[in-house]
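Ligands are counted one by one from 1 in listed order, and the atoms in each one are counted from 1 as well. Counting begins at 1 with the first residue of the sequence.
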Amino acid sequence: MSAPLITPRPGILNIEPYVGGDSKIQGKDQDGDKTSVIKLASNEGAFGPSPKALEAIAKTAQSVNRYPDGNASALHAAIGKRFGLDPARIVCGAGSDEILSLLAYSYSGPGDEVLYTEHGFLMYPIAAKAAGATPVAAPETNLTTDVDNLLGAVTDKTKIVFLANPNNPTGTYISSSELQRLRAGLPADVLLVIDAAYAEFVSRDDYTPGFELVDQGQNTVMTRTFSKIFALGGLRLGWAYMPSEIADVINRVRGPFNVSSIAQAAGIAALEDIEFFNRSREHAILWVEKTQTALRQMGLQTTNSVGNFVLVRFDGNNGKTAAAADAYLRDNSIIVRKMDAYGLPEYLRISIGTEEEMNACTKAIEKFLKS
Ligand SMILES: *Cc1c(COP(=O)(O)O)cnc(C)c1O
């Protein structure tokens, strides 16, 4: 066969396409009864979207013939007000995934290395490879970011460090002092991207999403999302707080209308719905605890998750592997996330759903272990 005439840049075809959590089970969703499938695979909001966001979506739908505000000014102002930030240093994207990609494209390329942690979010190596850079994974310790290992993996080719804190899928985090130690140990010309997608769920005194690290220099960015606690994953809306020099760069490379008018309006409304936010937060914290406790009582190991999901290990004794547990759960119409792609084949990640869904899931796992 002759070589194709049109070929992508080197490295693109080495990318393993990102595979999201399933939302269907074959044979289970054809009966029109979609609600019978329990989906705990993508860390989505347990309660559906905020009613206020839904109202804003319906209202804005009337004017979708109009282009959105390309600068998302009202949304930047609302985010700035909520978090006490300068709106001019906020950039929004079609999900924080888009912002992570734009950062990789803008600050790394062929010959450069992009560093992340061993079981870090899969978008980091994807974004690095798409930019032509080489992703480099630093080992974790006890499924937790190891600052010394990250610093030890830095070379003169390192351009970006992507760190999810808390991390998905491990649910673990490093303290604000460890984060400071990482920033202080990195060369000043290495961009640190703190992905704080789950920041709102963390209730630990020694945690910081990283605002102050962004403020203290010109080389740190913090990304956030409306997909998790704000429950708007389907709309694609994320944001980042960054030094003005970096905001200027991203504003040059992003699509001029990268955030839809509906997403902008829904984001503003979701920020205003404090009751929904608090309810979601308390629910996740409570059910992470309850679920981890229940799983540990069954003899399973879990991490200490501070996200809206738990990571549970199946040791494989008597055939009780993670793969077998996943198959059993699917047979019972429950979808969780297998972790092979994250290098964690013994684990399943279970997102926090409603009380009924969580009880159904833990009951099914208990039955599986006894089967
Ligand atoms: C879910 C998630 C995101 C958010 O992605 P969006 O593109 O904003 O939906 C980012 N980082 C991590 C670690 C995540 O788990």
Side-chain angles (χ1 to χ4, degrees), residues 17-21 23 39-46 49 53 72 75 79 90-104 114 116-128 130 135 137 140 143-145 160-174 179 192-202 207 209-210 221-241 250 254-255 258-260 263-264 266-267 270-271 280 284 288 303 305-311 336-337 339 341-342 344 347 349-352:
Y18 183 87
V19 180
S23 53
K39 196 190 169 219
L40 305 174
S42 295
N43 303 343
E44 297 152 334
L75 176 58
I79 294 168
I90 292 169
V91 174
C92 291
S96 46
D97 284 353
E98 185 191 20
I99 303 172
L100 299 170
S101 292
L102 292 173
L103 289 164
V114 170
Y116 64 109
T117 62
E118 187 181 1
H119 304 297
F121 188 44
L122 277 180
M123 266 307 294
Y124 310 148
I126 291 176
E140 298 180 5
L143 300 180
T144 306
T145 295
I160 306 178
V161 176
F162 282 114
L163 178 72
N165 198 42
N167 186 42
N168 167 25
T170 54
T172 57
Y173 76 105
I174 57 169
L179 202 55
L192 173 62
V193 179
I194 305 167
D195 176 350
Y198 300 92
E200 293 88 351
F201 296 107
V202 186
Y207 173 76
V221 170
M222 173 193 67
T223 62
R224 305 287 286 263
T225 181
F226 279 87
S227 301
K228 305 291 157 53
I229 200 158
F230 293 105
L232 295 175
L235 268 188
R236 311 308 301 127
L237 182 59
W239 61 279
Y241 179 56
I250 302 304
R254 69 175 173 86
N258 62 330
V259 179
S260 75
Q264 293 184 32
L271 285 169
S280 305
V288 162
T303 58
S305 175
V306 294
N308 66 335
F309 54 90
V310 305
L311 186 73
V336 300
R337 192 73 160 263
M339 290 282 110
Y342 283 91
L344 297 165
Y347 291 82
R349 191 193 67 195
I350 304 170
S351 305
I352 299 303

Taking heavy atoms and a distance under 4.0 Å, where does Asp97 meet ligand 1: side chain, backbone, both or neither? both
Looking at Lys228, which atoms of ligand 1 are within less than 4.0 Å of one of its heavy atoms? 1 (C), 2 (C), 3 (C), 4 (C), 14 (C), 15 (O)
Side-chain ion pair, Arg236 and Glu98, N-O less than 4.0 Å: no
Give yes if a backbone or side-chain nitrogen or oxygen of Glu98 is under 3.5 Å from a nitrogen or oxygen of ligand 1, and no if not. no
Please confirm whether Asp195 approaches ligand 1 to less than 4.0 Å, judged on its heavy atoms. yes
Hey, which atoms in ligand 1 end up nearer than 4.0 Å to a heavy atom of Ala197? 2 (C), 3 (C), 10 (C), 11 (N), 12 (C), 14 (C)
May I ask you to decide if Gly210's main-chain N or O and Tyr241's side chain share a donor-acceptor pair within less than 3.5 Å? no
So, do Tyr342 and Tyr347 have ring centers that fall under 6.0 Å from each other? no
According to the interplanar angle, ranging from 0 to 90°, do the rings of Tyr124 and Phe162 count as parallel (below 30°), tilted (30 to 60°) or perpendicular (above 60°)? parallel
Mind checking whether Phe226 and Trp239 have side chains closer than 4.5 Å, heavy atoms only? yes
Between Tyr198 and Asn43, do the side chains contain a donor N or O and an acceptor N or O under 3.5 Å apart? yes
Please state which protein non-hydrogen atom is closest to atom 4 (C) of ligand 1 and give its distance, to 0.1 Å? Ser96 OG, 3.2 Å
Does only the side chain of Tyr198 get under 4.0 Å from ligand 1, or the backbone, or both, or neither? Count heavy atoms. side chain
Provide, to 0.1 Å, the distance between atom 9 (O) of ligand 1 and the closest protein heavy atom, together with that atom's residue and name. Ser227 OG, 2.6 Å
Can a side-chain donor-acceptor contact be found between Thr303 and Ser305 if the only test is distance below 3.5 angstrom? no
Inspect the contact between Asp195 and Arg224 and indicate whether a charged nitrogen and a carboxylate oxygen are less than 4.0 angstrom apart. no
Going by the order shown, which atoms of ligand 1 are within less than 4.0 Å of some heavy atom of Asn168? 13 (C), 14 (C), 15 (O)
Short N/O distance, under 3.5 Å, between Arg236 and ligand 1? yes
Near Gly95, which atoms of ligand 1 are under 4.0 Å from a heavy atom of that residue? 6 (P), 7 (O), 8 (O)
